[in-house]
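Quick notes on the structure that follows.
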Amino acid sequence: MTPRRWTLAASVLAELTLLWLVTGMMRAGNPLWAVAVLVLGSSAIATYGLSRSLAWRYLYPGVVAMVVFIAFPLLYTVQIGFTNYSSNNLLTEERARAYLLEQAEVAMERALPYTAHRDADGQVRLVFTTRDGARLAATVPDQVPAAPLPLQPLAGEVGTALDLRALIAVRERLRPLKVALPEGAVLAYAGLREFAPFTPLWTAAENGALTQTGSGTRYTPDRDSGFFTAPDGTRLQPGFQVNVGWGNYQRLFGDPDMRGPFGSIFVWTVAFAGLTVLFSAAIGGTLAVVLNWEALKYRTLYRTLLFLPYAVPGFISILVFKGLFNQNFGEINAILDHLFGIKPAWFADPALARTMILIVNTWLGYPYFLVLCTGLIKAIPSDLYEASAIAGASPWVNFRRITLPLIIRPLTPLLISAFAFNFNNFVLISLLTDGRPDYLNTKLPAGTTDILVSYTYRIAFTDAGANFGLAAAISTVIFALVAVLSLLNLKLTQAQEGKR
């Protein structure tokens, strides 16, 4: 058999396996995932089994990874931003209705005990004992019956009852069962030892509505809010997902109670990222210029010591600084108290908390610019400095007329990248202040030291009701801002390449 035929045979086998997987996913009720697997699998088989293009065989893994790990999460996040998806609205309308219809009141005072036995042929039999001492039995079928199992008077004797371990092993077969007493009462599984009457709390009505069994109150699905709602406005939990259009964005930018904190957080995010880059670049560049001075002794030692903050894992440095800035026991306040008699409340005062964040982030960021500027300065021809020395120029003139103009252009794209990184610097905020101190009288929790990404995290996962839809809308806004920065970075990089 030729290699080509072997390849075709393997492709056919892979395609059949793929169709089997897709069919199974369709039967399981996952049509979207089935289509996705079919597309990805078929394209992989076509690329590696049928195509003769070597280029596509190398490009295919990268393209698939980009689609799966970048494009799909992005589109899914954007889609969630147009829904009311939250901890109160997790399910679809059909699943929410099915969940409510399954709710029932258990009358444990009318429960009947049972024992489970295994026949000689391996089938499980349930034996019930009524209050008057009668014994009723039913055989558990392999498939869950549509109607309750009728209980019949027990004829003869049964073997030893299953012990607890064996009973737990068959529990999954017993849970969906319902049994009917001779007088017509229906009992449902209520535990490992008994069945009991269940009274449904809700009954289905026309147009997808639900009727409360006890009061007769009718709850209709409100597809604007995503809840089953009574005439008096009472809502049932859980709600269901609905499309709210631009509602989350209108709430974000139109609601004064949200627009105020969001605007403040946005301004602080820009200021935090910009000032961090400014301070880190200024300190790192200054140190690079000083350490480039050939007359300076022990330059290698100084470079090593100044680079250490970059070598230590960031989260360790942040936690160390959190202890150093402790108001009562931190070393920084101990020094300030000894020198000036003050103990600043770094974590309670918004201005001091923001100052602390800038100090810590500058400490973490300046070694990066120290390394960059050192390399850029080394690339400057020494002839320029020699000519400047002959002309009698001072070090400040050398820096202003030679060093800065020659390093600022290649450094600009890196400054923008650092700005984009700090724009989403979640770890620093989360570990150091957790966004606190909080703003007062806000609809959703928001901190004075929160940046947009930490604010989004709090809305989505912590103390704001897990409002995933609103968090996704904010994430989309953040993505748009970072995308603009990335495009600007690309344009500047292209401009630099053109000038070269």
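- For Phe240 and Phe228, the distance between ring centers is under 6.0 angstrom.
- Under the rule for a side-chain hydrogen bond (donor to acceptor under 3.5 Å, both in side chains), the partners of Arg97 that lie at least two apart in sequence or sit in another chain are Glu93.
- Residues Asn333 and Asn328 have side chains not in contact (no heavy-atom distance under 4.5 Å, counting atoms from C-beta outward).
- The aromatic ring centroids of Tyr249 and Phe82 lie less than 6.0 Å from each other.
- Here the OH-CG distance, from Tyr189 to Leu192, works out to 4.0 Å after rounding to the nearest 0.5 Å.
- Within 6.0 Å of OH on Tyr99 lie no more than 12 heavy atoms contributed by other residues, nucleotides or ligands.
- Panel note: side chain Ser454, backbone Phe426; no donor-acceptor pair is recorded below 3.5 Å.
- With sequence neighbours left out, Thr403 forms a side-chain hydrogen bond (donor to acceptor under 3.5 Å, both in side chains) with Tyr385.
- By the 30° and 60° cut-offs, the orientation of the rings of Phe72 relative to Tyr76 is parallel.
- Taking all atoms of both residues into account, the shortest heavy-atom contact from Ala196 to Val106 is CB-CG1, 3.8 Å.
- Closest approach of Ala446 to Arg458, counting heavy atoms only: C-NH1, 3.9 Å.
- If you check the side chains of Tyr60 and Ser43, you find a donor sitting under 3.5 Å from an acceptor.
- Under the 3.5 Å distance criterion, the side-chain polar atoms of Asn422 are left unmatched by any main-chain donor or acceptor of Gly274.
- Here the closest non-hydrogen pair linking Ala472 and Ile80 is CB-CG2, 3.7 Å.
- For the 3.5 Å distance criterion, the side chains of Ser475 and Thr77 fail to qualify, holding no donor opposite an acceptor.
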